[in-house]
Amino acid sequence: MARILDGTAVRDQILNELKPRVARLQAAGRPPGLAVILAGDNPASEIYVRNKIKACGDLGICSEKHTPTASASQQAILDLVAMLNQRPDVDGILVQLPLPGHIDAKAVVMAVDPAKDVDGLHPSNLGLLVSGRPGPRACTPSGILEILKRYEIPIAGRRAVVVGRSDIVGKPVSFLLLHEHATVTICHSRTVDLPGVCREADILVAAMGRAALLTGEYIKPGATVIDVGTSRIESREEAARIFRNSPEKLAAFDRRGSLLVGDVNPIDVAEVAGAYTPVPGGVGPLTIAMLMVNTVRSAERRMGLC
Ligand code: NAP
């Protein structure tokens, strides 16, 4: 059976390491400050933001939530960003995506001061990433690197295959792996022979959002598999197929009426891989931890402490 890479344990380590840094900032004058913009009323986004604000509270980071309505104008949101850019006590600005349909999300992300872009999505910061220079990195990709490093998974010289090419996960994680000297292949919906390409991977990163699509034939025996995908399945038939009629999983499905699954078949990955991140409890917990890291680092830079 493959080794489980426990994202919750890595998250706890990272958050513990941040505590003295937050205390040092506080002693130097003020706690780090994070402002979150949550526009409209997307229930999933509300949960994500609640968790981010809670993580700030637990660490002693000062947080505030701005909630423009679903009909707020583009200009109103840009004005809000401009105000937060100017505030000396705000070290990080997070624009929770997706924004309401009529808002140009790229323009809003672009308006955030790159020094306060704790999501690492501003084109300037993406440029720093591509050229391998320091700057805030996107949270989920940098969390993936933390898992690999803290579990001492060798990266240099290994074949890494990333399935998914989004700006938020696929592209940034590919560059982070490249900077760690992996030989990286990026796959997407037009990739020919996806199983064959994936089977070449010593490190397979799945970031598609396709429930349990990658079955055993996609996994090289002994590979490290990082499953970023999160899909909620609501069909009992699908749950039975994915979990091969596991009575325990089907009982969990019946209790909750749904189950969260990744992009990789959970039974196959445990049988074929050498190590893997489970869903839930793998990559997910790292995303908020890395947001906290980026916020603390931004405060340290802005207060001249690093
Ligand atoms: P996205 O923007 O929808 O991108 C999905 C990518 O997967 C695209 O590049 C797409 O290819 C590719 N793809 C889709 N179906 C495919 C297929 N059948 N074969 C090969 N490639 C395929 O998604 P995202 O924002 O990167 O998120 C990906 C997943 O990660 C989602 O489940 C999301 O919920 C999850 N996620 C989790 C966290 C976390 O904290 N755990 C954070 C972020 C995202 P094309 O470009 O050709 O369309």
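One-based numbering, in listed order, for ligands and for the atoms of each.
- Listed here is the closest heavy atom pair of Val184 and Leu178: CG2-N, 3.7 Å.
- A salt bridge is defined here as a Lys NZ or Arg NE, NH1 or NH2 lying under 4.0 Å from an Asp or Glu carboxylate O, and Glu238 with Arg241 meets this definition.
- Given atom 44 (C) of ligand 1, the protein heavy atom at minimum distance is Val169 CG2, 3.8 Å.
- Using a 4.0 Å cut-off to heavy atoms of Arg210, the atoms of ligand 1 that qualify are 14 (C), 15 (N).
- Side-chain contact, Asn51 with Lys54: no donor N or O sits under 3.5 Å from an acceptor N or O.
- Closest protein heavy atom to atom 29 (C) of ligand 1: Gly209 N, 3.6 Å.
- The closest protein non-hydrogen atom to atom 10 (C) of ligand 1 is Ser189 N, 4.4 Å.
- Using a 4.0 Å cut-off to heavy atoms of Leu194, the atoms of ligand 1 that qualify are 19 (N), 20 (C).
- At a heavy-atom distance under 4.0 Å, atoms from both the backbone and the side chain of Met208 approach ligand 1.
- Using a 4.0 Å cutoff on heavy atoms, Thr191 does not count as a contact of ligand 1.
- One hydrophobic cluster holds both Val283 and Val173 under the rule that ILVMFWY side chains link at heavy-atom gaps under 4.5 Å.
- Checking only distances, Ser231 never comes within under 3.5 Å of ligand 1, N or O to N or O.
- Contact annotation for Asp263 and ligand 1: no heavy atom of the residue comes within less than 4.0 Å of the ligand.
- Summarising the geometry of Pro31 relative to Asp91, their closest heavy-atom pair is O-OD2, 4.3 Å, with the distance given to 0.1 Å.
- At the top of the distance list for atom 37 (C) of ligand 1, counting protein heavy atoms only, stands Val228 O, 3.3 Å.
- At a 4.0 Å cut-off, at least one heavy atom of Ala207 sits close enough to ligand 1 to count as contact.
- Considering CD1 of Ile77 and NE2 of His66, their distance stands at 12.5 Å, rounded to 0.5 Å.
- Not a single protein heavy atom sits closer than 4.0 Å to atom 27 (O) of ligand 1.
- For ligand 1, the atoms sitting less than 4.0 Å from at least one non-hydrogen atom of Gly284 are 40 (O), 41 (N), numbered in the order shown with element in parentheses.
- Atom CD of Glu248 sits in a sparse spot, with 12 or fewer heavy atoms from other residues, nucleotides or ligands closer than 6.0 Å.
- The protein atom (non-hydrogen) at minimum distance from atom 2 (O) of ligand 1 is Ser166 CB, 3.4 Å.
- Of all protein heavy atoms, the one lying nearest to atom 18 (N) of ligand 1 is Leu213 CD1, 4.0 Å.
- Listed here is the closest heavy atom pair of Leu128 and Pro134: CD1-O, 3.4 Å.
- Taking only non-hydrogen atoms, the option from Val163, Ile288, Asp167, Thr230 nearest to atom 34 (O) of ligand 1 is Thr230.
- Arg11 and Leu286 get closest at one heavy-atom pair: N-CD2, 4.3 Å.
- Pairing each heavy atom of Pro136 with each of Pro114, the nearest pair is CG-O, 4.1 Å.
- The minimum heavy-atom distance linking Asn85 with Lys116 is given by the pair O-NZ, 2.9 Å.
- The single protein non-hydrogen atom nearest to atom 40 (O) of ligand 1 is Thr287 OG1, 2.7 Å, given as residue, atom name and distance.
- For atom 12 (C) of ligand 1, the nearest non-hydrogen atom of the protein is Gly164 CA, 4.0 Å.
- The residues Lys106 and Asp104 are annotated as not salt-bridged, no charged nitrogen and carboxylate oxygen being separated by less than 4.0 angstrom.
- With a heavy-atom cut-off of 4.0 Å, Thr140 touches ligand 1 through its side chain alone.
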